[in-house]
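Worksheet: one structure, shown below.
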Protein chains: 4
Amino acid sequence: MPKVTEEHRLARRAQIVAAARTCVLQDGFHKATMADVIRESGLSAGAVYGYFKSKEEIVAAIAEDALSTVDEVFQKILATEQPLTPLMALETALAHVVEVSERPGGDVTRVAVQAWAEALRNPAIMSTASGKYTQLRDRFEDVARRAQADGTIDADVDPRHVAQVLFGLIPGFVLQRLIIGDVTRATYSAGLRALFRP
Amino acid sequence: MPKVTEEHRLARRAQIVAAARTCVLQDGFHKATMADVIRESGLSAGAVYGYFKSKEEIVAAIAEDALSTVDEVFQKILATEQPLTPLMALETALAHVVEVSERPGGDVTRVAVQAWAEALRNPAIMSTASGKYTQLRDRFEDVARRAQADGTIDADVDPRHVAQVLFGLIPGFVLQRLIIGDVTRATYSAGLRALFRP
Amino acid sequence: MPKVTEEHRLARRAQIVAAARTCVLQDGFHKATMADVIRESGLSAGAVYGYFKSKEEIVAAIAEDALSTVDEVFQKILATEQPLTPLMALETALAHVVEVSERPGGDVTRVAVQAWAEALRNPAIMSTASGKYTQLRDRFEDVARRAQADGTIDADVDPRHVAQVLFGLIPGFVLQRLIIGDVTRATYSAGLRALFRP
Amino acid sequence: MPKVTEEHRLARRAQIVAAARTCVLQDGFHKATMADVIRESGLSAGAVYGYFKSKEEIVAAIAEDALSTVDEVFQKILATEQPLTPLMALETALAHVVEVSERPGGDVTRVAVQAWAEALRNPAIMSTASGKYTQLRDRFEDVARRAQADGTIDADVDPRHVAQVLFGLIPGFVLQRLIIGDVTRATYSAGLRALFRP
DNA sequence: TATGAATGAGCGTTCATTCAT
DNA sequence: TATGAATGAACGCTCATTCAT
């Protein structure tokens, strides 16, 4: 019973979060109603509240889910055998953004933008966002340090500042894809290569 | 009478938008209630509805207000007599971000982040955001073209792609200031100078 | 505006409390729903919540209302010119119980019984009940003291203990009227006269 | 098997009623939830519903349980060999009230007060209360008749009216103990002796 | 024109009860 | 027989908006 039940429990939570994400993608965190989520999930109100004790908890789960996709970039950067240049690290991240935005279940980057807004008034989400983004940025800092060791980047610069810029290029990529719509990995990379030191 | 009345009307609208922005900065677009806005504005419900026909219209006004701060960057870039390098244009923009975030009346960059999220489900705000951001990015495109003319940037690259990157650095600056909190003009500039071609 | 509005406000509150009392008399404090109260009051949900911020507040108002009928007994006992004997004081109280139970708007003694039960889990109502009942019992204590001065009651006894018994006869009168139903002022008085010292 | 099963059944019912009483003492009949009762009983929802077909049935069982404590007073009055005076009968009853209020499992007098309120809207409980209280009052009527035979009480008075008063003193004792809190057997008896004919 | 009391649809949530296992 | 996840009607309450004054 324990293992099956635990799996069952997690499956149900995932089912609810998926349904809720669908609603949130249409209507945003606040306009999406529990009635919508309940209908979309195919469960009853009581069942949903058996897995999450409030709408806020579901919102937090969706936000965490979306923000956690950066963990995968993090892993990819760590997993690479040969040392990454800043440009390569960034391209890895951009590729990941595109990939997760096309996964079935809805464009996670849209959820992430909502999570940014929500973080400004929801300390739990702020804390998640802050933690995840700091963690990823720290990997860019490693990359910057490596580049300094190589001599590709001036050794006098604080690698954290370099990381701020590398990491800082990602939200602009996400946002332009969603709001202007004409940005792709290829165009952004071309721009990067034109501006960055070789 | 028409002129006085028209001025009066605009003043009232500004008063209401200012009150609403205060509420929205605390609670977000959706958790801020009309009752909050009405109380904060010092007017009556009827009066507020005399100037805006719905909450949505107030939200749109706040969002447009916040998104319109980019017009000022736009103007600054245009107004500069000597041609701007990409780095200089960007530093102008970053300086502007910092300046508007510290204006009395509340940090406009926070409203902008909310507007990004709202744009994803509100076509009017999406349209405003898209228009304003395209306009600003077009200025960065001018800057890129100039740099290509100078030979600072490879002439073979599409200047729009360069502009995507230049513009794309701004949301990441805004977001890191709000969510991580350790980014300043100076640190970001240092990172930029380390990465960009001289 | 102020005076009219204040009267209006009190009238509305009274209207809501009256409607709520009707519902509570049928269904009890907890089975009476806000929807019932709203329907009965003829107002809208929003209007009701403009006068009371929660159901609990309405319940407290009804309970306080019912418990406050003892203030009138209190006044009657004080107002009597000639000194009251314990028996006379008690008969005044019993007459009052009968009178308030027959007032239009519903039998207040039924509400009082509900208030007793509610007091056991609601500190606000407990506090009201405790205060009102202590106040009334204190009047019986005055009566007892007077009787001791007259020599009708043994001077050695604590007048508070006498008051406990005099006051204590009232709940039994109320309860038997409601639960057994065969008790009247006349029958209870006859019993009292048979048992009490002349 | 039938006997064991029947015992088992009664034991389970008692276990559930005990758990429910604990909940009801904290929260009242209506605020106590079945989930509370189920948790407190240590059984499953299905099990509880195997022994009682509804919450109402559990409520009725608790109320009956509490109201049935008067049967014991009844028995004590009957069991006394020498004839009881009204005062003695009453003191027996008061002693019993105190005793049952201190039994482990929770103060039954609190449940009784709740049962009074519930009786007003629940015919089954009204019927139980009415029956039990009439039965006990009938014993006081016997006592009154005896006192009339003795000449202690005027023979012209209807003994039922005397019983109304004797019985009527008990709710006031219970209520003052719970709501004002300064009444004891000793103080109430002192008051009674001061007021009653010797 | 300005007011703010009133509206009522719709919100998030609860909980007595059932039934597949 | 026992379980406890699931049900869904109904709850208390909110809030964008209106309109009689």
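The basis for the numbers below is simple: all heavy atoms, side chains too, and nothing from hydrogens, waters or symmetry mates. Throughout, protein chains are lettered first and strands after them, A, B, ... in sequence-line order, and every chain is numbered starting at 1.
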D/Gly46 near the nucleic acid: base, sugar-phosphate alone, or nothing, with a heavy-atom cut-off under 4.0 Å? base
What is the distance, rounded to the nearest whole Å, between atom [atom1] of [X] and atom [atom2] of [N]?
X: D/Gln15; N: F/dA2; atom1: CD; atom2: P; answer: 11 Å
X: A/Tyr51; N: F/dA5; atom1: OH; atom2: C1'; answer: 6 Å
X: A/Arg9; N: F/dA6; atom1: CZ; atom2: C1'; answer: 13 Å
X: D/His30; N: E/dC15; atom1: NE2; atom2: P; answer: 14 Å
X: D/Ile38; N: F/dA2; atom1: CD1; atom2: C1'; answer: 13 Å
X: A/Leu10; N: F/dA5; atom1: CG; atom2: P; answer: 14 Å
X: B/Met34; N: E/dC11; atom1: CE; atom2: P; answer: 19 Å
X: B/Lys31; N: F/dA16; atom1: NZ; atom2: C1'; answer: 15 Å

Residue closer to the 5' end of DNA chain F, A/Arg12 versus B/Glu56 (nearest nucleotide): A/Arg12
Closest-nucleotide 5' rank along DNA chain F - winner of B/Ala32 and A/Ala47: A/Ala47
Looking at every non-hydrogen atom in both residues, tell me the closest pair between B/Ile125 and B/Ala63 and how far apart they are. CD1-CB, 3.8 Å
Do the non-hydrogen side-chain atoms of B/Arg121 and B/Met126 ever get within less than 4.5 Å of each other? no
Hey, are the side chains of B/Phe29 and B/Ile62 touching, using non-hydrogen atoms and a 4.5 Å cut-off? yes
Out of F/dG12, E/dT13, E/dA6, minimum distance to the side chain of A/Ser54 belongs to E/dT13
From the options F/dT7, E/dT14, F/dG4, select the nucleotide whose nearest atom is closest to the side chain of D/Ala45. F/dG4
Got a donor-acceptor contact below 3.5 angstrom from the C/Thr69 side chain to the C/Asp65 backbone? no
Phosphate-side-chain proximity, [X] and [N], N/O vs OP1/OP2 below 4.0 Å:
X: A/Tyr49; N: E/dT14; result: no
X: C/Ser44; N: E/dG8; result: no
X: B/His8; N: E/dT1; result: no

Counting heavy atoms not belonging to C/Glu56, are there more than 12 under 6.0 Å from its CD? no
With a 3.5 angstrom cut-off on both distances, give the Watson-Crick or G-U wobble partner of E/dA20, or none if there isn't one. F/dT3
Could you identify the nucleotide paired to E/dC15, looking across every strand shown and requiring Watson-Crick or G-U wobble geometry with both distances under 3.5 Å? F/dG8
